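Position 1 is the first residue of the sequence, and the numbers go up from there. Just so you know, these numbers use all the heavy atoms, side chains as well, and skip hydrogens, waters and symmetry mates. A quick note: this is a predicted structure, and the numbers were derived from the prediction, not measured. Both counts, for ligands and for their atoms, begin at 1 and track the order of listing.
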Amino acid sequence: MNVQRSLRENSVGESIGREIFDFAARIYPICRSITGEGVRETLREIGAHIPLEIHEVPTGTAVFDWVIPQEWNIREAYIENEQGEKIVDFARSNLHVMSYSVPVRQRVSLAQLKRHVHTLPDQPDLIPYRTSYYAENWAFCMPHRLLESLRDETYEVVIDSRLADGHLTYGEYLHRGETDEEFLFSAHVCHPSLANDNCSGVALLTQLAKRMAGVKTRYSYRFLFAPGTIGAIAWLARNEARSRLIKHGLVVSMVGDGGGPTYKKSRRGDAAIDRTMAHVLRHCGLSPAILDFSPYGYDERQYCSPGFNLPVGLLQRSRFGEIPEYHTSADNLEFIAPEHLAVSYRLISEAINVVENDALYRNTVPKCEPQLGRRGLYGMIGGDKDAAAANMAMLWILNLSDGTHSLLDIAERANLPFAVIQRTAQLLEHKGLLVRHDTAPEKPAAPPR
Ligand code: ZN
């Protein structure tokens with residue numbers, strides 16, 4: 001079964017990129033953090049598309065070496081000058097307040113204010129994104145140009161936030177396949193109004209999960225939407241035994257820009273997902289980068305910690321931290337585009353197709369080459385490029401299908417896209433020249449009719 005085709009058919013025409021974009025735009029304005037109403041509101045939006053299961057983990061709960069922090073919520077925040085003008089207002093951009101800022105309401109001098117302001121001197125028109133989850137502090141974030149324009153006067157600073165015992169919230173959805181073995185998709189849901197990092201990943205996975213409904217799969221697919229780091233840690237702490245069922249996994253973040261694509265391998269480096277993603281990216285027609293694992297990045301850090309060592313890699317377009325828009329107000333809806341989201345969706349559905357259909361086959365006529373012409377197969381050698389590829393695919397499959405090389409092995413050796421190898425293997429199976437190794441009876445192929 002071609003899962004990729006099923007996933008494509010489940011989207012309306014070629015509108016998948018637009019649908020992912022529209023959902024990213026819908027959740028973009030929400031003020032998210034690692035806890036609080038913003039996460040819940042985002043999960044409710046996801047839950048309007050898929051039957052999401054919501055989990056609430058109380059403040060103070062130990063999760064491995066960490067403790068669930070207090071819940072943070074914010075109503076309003078601003079800086080007002082002596083003329084009564086709000087020179088910075090949280091209502092205009094939720095990036096203006098450092099996430100997890102403690103409440104404050106006081107009058108300060110410019111010098112005092114400057115000690116609580118973050119800017120980007122090299123990008124003076126952008127607001128930086130800053131957090132202080134585990135150290136009590138408060139701060140505003142603003143364009144450097146604005147800070148430089150401030151007069152030496154008294155300012156009223158107000159952050160109407162609340163840090164109190166509450167919960168950490170995450171959501172998950174399981175698409176059940178024929179087996180309990182899982183493919184994990186994970187996206188962080190803790191960033192405020194940043195479009196690529198990571199409304200794009202959340203939106204892509206929501207639409208993917210939605211389209212998997214009704215598609216029969218071999219693996220079960222788990223979609224996890226959790227706050228970065230602490231959310232993944234909490235999930236692993238509560239699902240340690242179950243995590244052994246994860247056979248493949250992808251962290252999906254920053255998939256809406258036109259860079260890359262970039263795949264960062266799992267800690268194992270040679271997991272099926274690593275080979276699958278490297279293969280899919282190599283044949284995607286773009287300029288892919290395939291990186292070895294490093295213990296810096298997103299939640300693959302937790303999945304790939306030595307005590308778990310799960311086969312989970314990271315898919316991105318541009319690499320995080322290597323684009324000027326990263327963690328700034330320039331990571332907005334103009335930075336992501338439907339066509340890039342559509343490409344990212346296609347890469348993931350190709351990867352699903354590979355893991356679903358990779359299998360061992362056996363050539364039923366292994367002694368010398370079978371006579372292809374007699375079976376109407378030799379005629380495939382024509383002039384066009386596809387026919388030539390199909391012919392090479394046939395020769396590679398027949399040669400390597402000895403029960404030890406899977407279709408992905410063959411696609412790699414032949415340097416042909418998995419889909420070509422898969423299609424050709426189906427044809428050879430139909431002609432009786434190939435049988436699934438695990439179901440193959442020990443008898444020669446029936447002569448062709
Ligand atoms: Zn980030």
Task: Heteroatom count (protein N, O or S) under 2.8 Å of the Zn ion (ligand 1) - done: 3

- [ ] If a pair satisfies salt bridge (charged side-chain N to carboxylate O under 4.0 Å, His left out) and one of its residues is in residues 221-239, list it, with sequence neighbours excluded.
- [x] Glu172-Arg222, Glu182-Arg222

- [ ] Measure centre to centre between the rings of Trp235 and Phe225, then say whether the value is under 6.0 Å.
- [x] no

- [ ] Return the set of residues passing side-chain contact (heavy atoms from CB on, under 4.5 Å) with Ser329 (not counting sequence neighbours), or none when no residue passes.
- [x] Leu95, Leu126, Ile127

Open item on the list: Taking the ring of His248 and the ring of Tyr219, is the distance between their centroids below 6.0 Å?
Closed with: yes

Open item on the list: Centre-to-centre under 6.0 Å for His191 and His327, is that the case here?
Closed with: yes

Task: Any pair counted as salt bridge (charged side-chain N to carboxylate O under 4.0 Å, His left out), so long as it reaches residues 83-102, sequence neighbours left out - done: none

